[in-house]
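Quick notes on the structure that follows.
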Amino acid sequence: MEYLVIFISALLINNFVLSYFLGICPFVGVSNKIDSALSMGFAVTFVMTLAAIVSWGVYNLVLVPYKLEFLEIVSFILIIASLVQLVEMFIRKTSPTLYQALGIYLPLITTNCAILGVALLAVLKGYAFVETVVFAFGAGLGFTLAIVMMAGIREELDGADIPSPFKGPGITFITAGILALTFMGFSGLIR
Amino acid sequence: MESILLSILTMGAIGLFFSAVISVAYQKLKVEVDPRVEKITDILPGANCGACGFPGCANYAEAIVQGAPINKCSVGGMAVAELIGEIMGIAPEDVVRKVARVLCQGDNEKAVWAGEYMGIPSCAAANLAGGAGKLCNYGCLGFGDCEKACPFGAIKVNARGLAEVDENICTGCGLCVQACPRNVISLEPIDKRVLVLCVSKDPGKISKSSCKVACIGCGLCVKKSPEGIALENNLAKIIDVEKINDESIEKCPTGAIRKLE
């Protein structure tokens with residue numbers, strides 16, 4: 001039950017994109033097509049979960065015993081950067097089309113604050129190992145959910161008659177704002 | 001002291017561990033890239049200006065290997081095309097060098113002023129606000145958006161408030177063409193020496209009253225060389241430079257048609 005609460009909370013109530021406003025760059029950058037948005041979402045979910053697992057290990061097994069907790073940010077960034085490199089190589093090898101579609105946003109997962117945020121928040125909340133995994137996975141799925149919803153809306157917007165001052169980034173940001181507003185509705189779901 | 005040493009060691013160890021993992025993975029997941037792509041990328045000027053029609057030099061190099069024409073780089077010109085030709089084993093066709101031309105002569109003195117623009121000093125902003133104060137709705141605004149866009153310093157707004165291209169420096173990348181909100185700048189082959197230096201589509205009466213050097217669409221030049229010039233939207237348009245009679249240039253009442261030296 002406790003895991004479910006953590007999961008739902010990371011997925012909906014404290015959605016990393018729409019409540020914490022983390023990871024906005026890929027959220028706006030890769031959300032023009034549902035396909036690439038979904039791939040981006042899964043890539044982020046994968047890196048997020050893996051990064052949270054490894055950084056949990058490094059924090060609790062290396063940093064805490066040696067009383068080096070102050071190194072958490074530096075070491076987490078190192079971990080995330082390495083993992084993104086791995087994921088990038090893997091995607092480049094297995095699917096060049098996906099590699100092209102994600103483009104610059106793939107290496108930019110490195111600086112995606114949502115991923116560092118998950119790793120840091122898991123430590124801050126003192127989660128145990130399984131809790132960290134559930135938390136990171138939920139947060140990743142929450143990111144995927146948000147970016148796919150955004151992509152779906154933006155695909156529809158392509159065919160809509162938008163007043164010219166709102167075209168392009170304008171309508172995108174308005175859409176993101178309205179999405180964030182709707183997600184506020186989840187805030188009373190779990191006390 | 002101890003904690004400093006410990007942090008250095010720990011971070012070093014973590015870093016080493018991940019670099020080891022990455023280098024192993026790199027060997028396993030290596031993607032074979034055509035070595036010619038890298039060679040061509042090295043030869044290309046690296047300006048990433050996009051004049052070739054590809055987003056950057058690296059993308060163009062990739063496209064060349066897949067069969068794109070090798071003479072698209074206007075920055076590098078013939079020299080680069082020859083070097084690429086050596087790698088690809090094809091003879092380059094001639095690269096026609098293009099340069100940007102400012103098709104407006106309405107400088108601060110020759111244009112008629114309607115008022116003073118006090119807003120943000122940028123062509124894009126002034127264009128949205130309805131102009132920089134000149135009566136002509138087509139001409140150069142003179143705030144130098146093109147100058148800012150030019151990576152080579154080839155286009156400058158001169159003392160008379162008109163953008164001016166140094167054709168010896170201009171590489172024909174076309175960034176200024178995109179930057180100009182009024183589409184006054186156009187890319188022309190460098191050997192096209194006769195140009196209509198006006199883009200005003202206003203009827204003669206209006207363009208005459210708003211600028212001393214506007215093309216008023218009188219059609220005198222067309223009469224003198226009917227196969228070289230045509231009239232389109234109140235504007236003379238050059239069809240064939242070879243067939244333009246010198247008289248056309250001399251007879252132009254406003255001097256909108258010019259022969260460059």
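Keep in mind the model is a prediction, meaning the values are calculated, not measured. First the proteins, then the strands, lettered A, B, ... as listed; each starts at 1.
Counting non-hydrogen atoms of other residues, nucleotides and ligands closer than 6.0 Å to CD1 of B:Ile120 gives a total of 12 or fewer. Under a cut-off of 6.0 angstrom, the local environment of CD1 in A:Ile73 is sparse, with at most 12 non-hydrogen atoms contributed by other residues, nucleotides or ligands.
Contacts from residues 8-46 of chain A to chain B, taken as heavy-atom pairs separated by less than 4.5 Å, involve no residues at all.
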For B:Phe18 and A:Val54, run side-chain contact (heavy atoms from CB on, under 4.5 Å): C-alpha distance rounded to whole Å, both residues' side-chain angles, the deciding distance at 0.1 Å, then the answer.
CA-CA 11 Å; B:Phe18 279 111; A:Val54 178; 3.8 Å; yes
Run B:Met11 and A:Leu68 through side-chain contact (heavy atoms from CB on, under 4.5 Å) and show every step you take.
CA-CA 10 Å; B:Met11 288 308 293; A:Leu68 294 172; over 6 Å; no
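Ranked by heavy-atom pairs under 4.5 Å with chain B, the list A:Leu63, A:Ile79, A:Leu83, A:Val58 is led by A:Ile79.
Both the backbone and the side chain of A:Val74 have a heavy atom closer than 4.5 Å to some heavy atom of chain B.
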For chain A and chain B, give me every donor-acceptor pair shorter than 3.5 Å, distances to one decimal.
residue	atom	partner	partner atom	Å
A:Lys93	NZ	B:Lys30	O	3.1

